[in-house]
Structure formats: structure tokens, C-alpha cells
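Following: one structure in C-alpha cells, then a few remarks.
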Amino acid sequence: MYTTNNDGLQEEQERVNGLVGLIGNRIEQLSAKTSGIRGEIVDIRRNFWDDVTVNFEDSSESAETHASLKQQAELLSERERSHRHTERELKTLVKLEQNPYFGRIDIVEEGAKDAKPDAIYLGVGSLLDDSGEEYLIYDWRAPVSSLYYDYGPGRVSYQTPAGEIRGEMTLKRQYMIRNGKIKSMFDTGMTIGDELLQEVLGKGSDAAMKSIVATIQSEQNAIIRNEKAKLLVVQGAAGSGKTSAALQRVAYLLYRYRGQLSAEQIVLFSPNPMFNSYVSSVLPELGEQNMTQTTYQQYLEHRLGEQFQLEDPFVGLEEMLNAPQDADLDIRRAGILYKSGKSFMDEIDRYVQQLGVSGLSFRDIRFRGKTIIAAKAISRQFYSLEPGMTIPIRLQKLSVWLLKELSRISKEEQSKEWVDEAIELLDTHSYGSAYEELSEKGKFSGGSFDDYQSERQFLAAQVVQKRFKKLRRGVKLLKFVDMPDIYKALFQKGAVPHAAPGAPEANASYPPEWPQICSRSLEKLNAGLMSYEDATPYLYLKEKLEGFHTNTMVKHLFIDEAQDYSPFQFHYLKRIFPRSSMTVLGDFNQSIFVHGTGEKSGDATSGLFPQDECEKIILKRSYRSTKQIVDFTRKMVPDGEEIIPFNRTGPEPAVQYVEADRHAEQLSVRLQAWRSEGYESLAVICKTARESAELHKALLALLPDIRLIQKETSTFVKGMVVIPAYLAKGVEFDAVVIANAGSEVYSRESERRLFYTACTRAMHELHLFLTGKPTPFLS
């Protein structure tokens, strides 16, 4: 329960006024300081070389030059660091000037001599008094601030680096302060008061996710401040605040481990590029630098883009959504499910074991159209190496042998006729360089025949070395290993070679469609195409053979929309980020890909970390949508009754039949009506990209400013959009129209979650249009 409290309002406002004045003075001082440092940086850069002594005449002069350069560079670096720090401090002060704090708790510490409570005010940043000894405002991430989110008045305790502190909370107060004026304040109990949440959630959707530290709930605070779990799994209903809690967790970790952790050591895998744009403002709003943001597809493109035409997961989903329900679709689904599972990963492990004995494919090394080292010779050399060594070590030793062979062959090539022809085509600069180098070595004695031979040998070596450079680089990169052929062998003869000779045979259980899956896999791979479900197994096999390209710098990995990742992908990410903790966020009810982790797929993260290093938090309360929308949508999914709506009311969702030839016209009428009511973020959500493109074309004549969102769209802006359901995940709109909720569009059980995802994007109003019989999901 909370109570509006006007007692002491004048006193509280006087405190705010005093703080605003203090902050204003600090802003003036810091602005002047920032301007001065900026000027110093400009001067140092402009006069950098004037202030450096440059002399390389002898070793002592060179050492002095090096020291001078280092000193000037360090001065510039120190000034730039100071400028970044003051800029960050200035941004925090500007925010505090508008809204100094949002909460207050009064604490009497256990064992304190003075029973008078300490008043602790919480804001988006810390503020010290002029002496630098007393906190006027505490950062919301400070240890004591956790009491505000986790407790009501009464006995409390919190952890600090020095140990546990106990005490009594005598007051918990919340404020709405806008532009330095207290709009309202109220005393509250356990939860953050509904009144503040109502105000925040009642506002319109924005082009970027906002950081709302004032309304963090206790269950979200448990996510944000968790420091023990190596694997933190957050399963949350649509609109439960999973992503915002995760981003505030990033801000907390950067605050808690300042000096030990940087934004570059945190990576967020998000569902699509547009989502990266949507969440990009949260951390800067909290005074922190953004972490590295990418998508899993971008990572795959980086690793495989030069070798294959890689299928985008959205392209694969689009094909399946548009495909008729037949045997071909069943085969594709079965192939995706099998290749995405841990059992296929185990099969590849057994396959690698076998390859240590036989079956590794190599490429011929060719030069000038001829084979100079045959694949068979490479294979013989590889399998002659000590079999007790791992394959990556044997390949490295093989690489050394090949480089020696190339050196031997390159010397033989120097006497070939093609080298003489290449020498004749050299420019005068090459001849001049050869003459100078040979003269320094005393090879020229006066134009004798020996001089000509020395010059020819030198130039021949230069020509051949240049031509062999690409071959040597390829050998060092292990390009002589025929990875595509090795991966294809998994599908040849319709079975995986799953055990090394003499090893116990594996009890692999392939799907009944395995022969057809193998045939289709080979067909695509032979055409230079790689299905999305093949990309991770291919990279895993490649790394098992060549050695893992691990990133040990990354300390925290955040995976959003984790229900769209397969068990194979999770285990692969664990291998390439071996020192990283994982925060995994998802909602099984929004699992729209075949490879995703629906509740029947088991726990995709099982086995990643020891059980005592794992923690799971379930968020059941939905804050995004009105109670009416949540009550409507939760009936669509299993266990939907467990989803708890936040008590914010609005119109009931409307199901509206329209004639097919008036579809676009009726949609336009609905959107224009909403816009006249003040809604700024409106979406027409279609099932597929094809449906979206067709409908967008029809709507453009009626609404010239309506935008089409495609998988390539990289920025999220307010306004009216037409968007496929699978691209709308993670974002929200003031009002949503489901373009066609008819059974002719949504009929397969596999589309239930996609339909649920589309409906849960609406914050305030939801309309469902249909041109025929309603989807069975509405029954």
C-alpha cells in the first residue's frame, strides 16, 4: 500500500531547490573545466611535433627521440582520459538537475550510537557535498540502494564489500520530480508504488527503450545485482522487463567493477540490427558507454561469409511460413531440429575422433596451374605423425612441413623459364634496388659474368618469393584442409561416420527422415549454400579440427530472445567465450523458430556450467500491456494463466471483420483514428515479410508516411510501420493492428507463438482484423 504524503512537502522542495542550485554551480564549473581540457587537447595535437625532439643520428639520440615521443603521447592520452571523465560527470549532473532523485529511505543502522535515522536519497548518479565527504544523493547502483528495491519499512540488511550491514528502515518514500519541481511524493511499503509505474507505463512508446531505474521491481533487482551466478537464466513473460533489467544489469556491473571491467568486455547478442538501435540509448542514459552489440547472424557472416552464401534465419523462417504443410516441410523441420540439438554435437565429436585415424580431406596445393604438393601426399604426411597428438597440433606440424616443402620447391622454381620472362618485365626501380643491395654485400666487382649471375639469382628469388607469398599465407591459415568436403562427408551415404575403428559404436538415434535430410544437405552445400542450421555445426567441426578461436577478453555475455537459440548454439558460444559469464533472457512462449527452445526441447543451457553456478529467475508479471490486453493474450499460450497483468486499464482488444477489397482502406481509417487520439507509435503486424510488403504497397497510397520494416532495417523510429511479426520481437508500440487474424493466415499449431508474439507488442490498444474465419488461437 502507498499513501500520498503532503506533510513536509515544502521542506522537501526546499531541499530540491538547494540541490538544483548546487548542481547548477557544479555544471558551470565543470563546463569551464571541460572546455579548458578540450582546448589543451587541441593545442597538444596541433603542436605535437613541435614539442618533440626528433633525431635518429645515433642510438643515444634515437633513445631520446623515443622518450620524447612517449612523453608527449602520454600527456595527450592523460588529457583525453580526463576529458572523457569530466564529460561523463557533466552528463550525470545535467540529468540530476532536472530530476535530482526519485526515492528516499531512512535507515537506523544496528548498533549505531545515535538512534536518529540517516536519510538516503537515490538518483541516477551520486552527488557529494562540497567537502567531498557526505553523499547528498546515492547512485541507484550503490549497495545501500538495494534496500529501496528489496524492502519495505522494518528490519533490513544489505551486503557491502566490507560485509553485511543490518538495521531498521523507518521510511520509504517515492518522488515524481520534473524540472526541479516535486509533482508528487508518497510513502510506500514493499513494492515500488503503482502510482509511479502507472505514470511511466501510461506514456506513449518511444523510438528507443528508456532506462526506468525509479521503477525497478524487487525481482528485477535480483537480476540486476546478481554477482554469483556464472549462468543467470531469466524466463519472463512478454513485457515483464527482461531486457531493461538486463541492460541495467550491465550498468550495475560497470559501476560495481569500475576499473576491472570495461564496456568492451561485455557483449550483447540481440535478435536483429533494429533491436540494437532500439536499446542503444539505455546505457548512455545511465552515464555508461555502450557494450558491444551484435547478432548471431552477424557473427556467422563474419566467420563464413567468404566461403558460403549463408542463409539468414529470417529467410528460412519466411520460407517455412509460406510453404504448404507437406512432406517437404516435415523433412526440413526434422533436419533443423536434429542439427540444432546436443546429440548432433556429440556425433561431430565422435566424427572428429574417427578423423584422427582416417578420412581427413585435403586440397592439392597448386602453383601456376599445376599441382606442386598433392592432397594424397599431404594426407600421408598427416597420418604419419604421432596419432596420440590432437588433430589441431598435428595440423600445425603439418603446416610447418608444408612450409619447408614450399621453400624447397620455390628454389627449384627459380631456374624455370617463366622466372626469366618475369625478370625481363621488372621495372627499373626493382633493378635499382637489386643493384644497391648486392653492392652493399660486395657482390659487384666490375661488370663480370659473375655479377650478372648474382643479379639474376637475386631477382629470381625476389620474383618467386613474391609469387609464393599467397601460398605460404594459405598454408599458415590451414587452407589446405578441405573443410567443406569434410563436413559434406557427414551426410554422404545417408549416415554419420560416428565412431573411430575399435571404439564402441555410438547409439545415435537419427530422425526417420535422415536419408532425405542428408540428400538435401549435400545438394545445398554442393551449390555453395549453407542453411542456417548447418552454420554452427560447420564452425564447431572446423574449430575442433583447427583449434578454437577463443575470445578470453569478454567477461560477460548477454543473450536476448534466448528462446531462439538452439542447444548447439549455446554450447558453441560457451566454447568461444570460455571465460565469460552468461545472462540468458527469454520467453518460451515467443519461441518462433524450429531450432528454438520451446518447453518440449528441454533446457538448452543444461551442462554449460556446474549446477551450483547456475541460477534461474522467473518473471511472471507483465508491465507493457494493459490488463485487458494481457488477459486477452495469455489465453493463447500454455500456462498463460500464470502471467500476471499489471493493473493498468485500457480498452478491450477488438476483433473486426473487414471485406478483403476494403482491407487497406479500413486499416488506414483505424491508424488515422489512433493518430488523432495522440498515439505516436503505431504498427500493422503481418505474419510474413511477403504479406508486409504487399500490404505496405497498398497502404502507401492512403498513408504516404507509413514505413515498411524489413530484416535489413537498422534503426527504429516512431511513427506508423508495417512489420513482420518475427521482426517485432523485443519492441513495443502504442497501438497494434494484426493485419489478418484469420484462419487462412494463422492455422498451424507451430504458428501459435508467432501470433502471441505479434499481439503482445501492443501497450495500450490492440485490434485484430480478419477477412474470414478467425484463427483457432482465438477460441
Side-chain angles (χ1 to χ4, degrees), residues 303-304 307 339 341-366 371-409 471-510 514 518 521-522 525 534-550 552 568 571-572 574-576 578 607:
R303 294 295 308 278
L304 294 171
Q307 296 173 271
K339 290 177 184 178
K342 182 69 166 53
S343 57
F344 191 49
M345 191 178 195
D346 295 336
E347 284 297 324
I348 291 177
D349 288 340
R350 287 188 282 269
Y351 180 40
V352 169
Q353 190 181 1
Q354 175 197 298
L355 291 173
V357 180
S358 67
L360 211 57
S361 297
F362 298 99
R363 293 189 176 100
D364 292 335
I365 295 179
R366 296 172 63 81
T371 298
I372 56 174
I373 307 177
K376 287 183 179 178
I378 298 173
S379 181
R380 277 197 303 272
Q381 179 64 24
F382 175 82
Y383 285 110
S384 72
L385 295 170
E386 172 57 48
M389 293 186 292
T390 63
I391 291 178
I393 291 175
R394 288 157 79 184
L395 285 178
Q396 287 301 324
K397 288 187 173 293
L398 181 61
S399 175
V400 172
W401 177 80
L402 285 170
L403 288 171
K404 288 179 181 176
E405 285 295 292
L406 287 179
S407 294
R408 178 183 62 79
I409 295 167
L471 290 179
R472 289 193 177 92
R473 185 171 182 272
V475 167
K476 289 175 183 176
L477 294 174
L478 305 181
K479 289 191 175 180
F480 56 86
V481 181
D482 194 344
M483 273 305 308
D485 198 59
I486 295 168
Y487 187 68
K488 287 175 196 173
L490 281 163
F491 308 106
Q492 283 159 354
K493 299 178 184 177
V496 179
H498 51 248
E505 192 165 303
N507 295 318
S509 55
Y510 305 116
W514 184 241
C518 290
S521 299
L522 287 170
L525 290 166
D534 279 305
T536 303
Y538 178 89
L539 280 176
Y540 179 73
L541 175 60
K542 180 179 171 68
E543 308 249 344
K544 288 282 286 187
L545 296 177
E546 298 179 1
F548 272 80
H549 292 72
T550 58
T552 56
F568 205 138
H571 282 269
Y572 177 71
K574 178 67 173 66
R575 292 293 292 265
I576 60 176

Student check: side-chain heavy atoms of Leu385 and Ile393 closer than 4.5 Å | no

Side-chain contact test, heavy atoms from C-beta onward, threshold under 4.5 Å: evaluate it for Ile486 versus Lys542 and give yes or no.
-> no

Sub-4.5 Å side-chain heavy-atom contact between His549 and Ile576 | no

Do the non-hydrogen side-chain atoms of Ile348 and Pro537 ever get within less than 4.5 Å of each other?
-> yes

Heavy atoms of Thr371 and Arg366 approach each other most closely as OG1-NH1, 3.0 Å

May I ask you to test the Leu398-Trp401 pair for a side-chain heavy-atom distance under 4.5 Å?
-> yes

Does the side chain of Phe491 come within less than 4.5 Å of Leu525's, by heavy atoms?
-> yes

For the residue pair Ile391 and Val352, what are the closest heavy atoms and their distance?
-> CD1-O, 3.5 Å

Less than 4.5 Å apart, any side-chain heavy atom of Ile378 and any of Val481?
-> no

If you round to the nearest 0.5 Å, how far is CG of Leu402 from CZ of Phe382?
-> 11.5 Å

Find the distance between NZ (Lys404) and CD1 (Ile409) and round it off to the nearest 0.5 Å.
-> 14.0 Å

Partner residues of Gln396 under the side chain to side chain contact (heavy atoms under 4.5 Å, CB included) criterion, sequence neighbours left out = Leu478

Describe, in one word, how the ring planes of Tyr572 and Tyr540 are oriented to each other, choosing from parallel (under 30°), tilted (30 to 60°) and perpendicular (over 60°).
-> perpendicular

Would you please classify the geometry between the Tyr510 ring and the Trp514 ring as parallel, tilted or perpendicular, with 30° and 60° separating the classes?
-> parallel

Atom pair CZ/CD1 of Arg408 and Ile372 - distance to nearest 0.5 Å | 9.5 Å

Nearest heavy atoms of Asp534 and Ser521, plus distance in Å | OD2-OG, 4.5 Å

Taking all non-hydrogen atoms of both residues, which atom of Ile373 and which atom of Glu405 are closest, and how far apart?
-> CD1-CB, 3.7 Å

For Ser361, enumerate each residue passing the side-chain hydrogen bond (donor to acceptor under 3.5 Å, both in side chains) test, keeping only those at least two apart in sequence or located in another chain.
-> Asp485

Closest non-hydrogen atoms of Ser343 and Arg350, given as atom of the first, atom of the second and distance, are O-NH2, 4.4 Å

Between OH on residue Tyr487 and CG on residue Asp482, distance to nearest 0.5 Å | 14.5 Å

Does any pair with a residue in residues 376-395 pass side chain to side chain donor-acceptor pair (under 3.5 Å), and if so which ones, sequence neighbours excluded?
-> none

Compare all side-chain heavy atoms of Phe548 with those of Pro392 and state whether any distance is below 4.5 angstrom.
-> no

Look up atom CG in Leu304 and atom CE in Met483, then write down how far apart they are to the nearest 0.5 Å.
-> 9.5 Å

Salt-bridge test for Lys342 and Asp346: reply yes if a basic N is under 4.0 Å from a carboxylate O, no otherwise.
-> yes

State whether Glu543 and Arg303 are salt-bridged, where the test is any N-O pair (Lys NZ or Arg NE/NH1/NH2 against Asp/Glu carboxylate O) under 4.0 Å.
-> yes

Answer yes or no: does atom CZ of Arg473 have more than 12 heavy-atom neighbours from other residues, nucleotides or ligands under 6.0 Å?
-> no

Where Thr550 and Arg575 come nearest, the two heavy atoms and their spacing = CG2-O, 3.4 Å

Honestly, is Arg363 close enough over Phe480, meaning NZ or CZ under 6.0 Å from the six-membered ring centre and within 45° of the axis?
-> no

So with a 6.0 Å cut-off around NZ of Lys574, is the heavy-atom count from everything else above 12?
-> yes

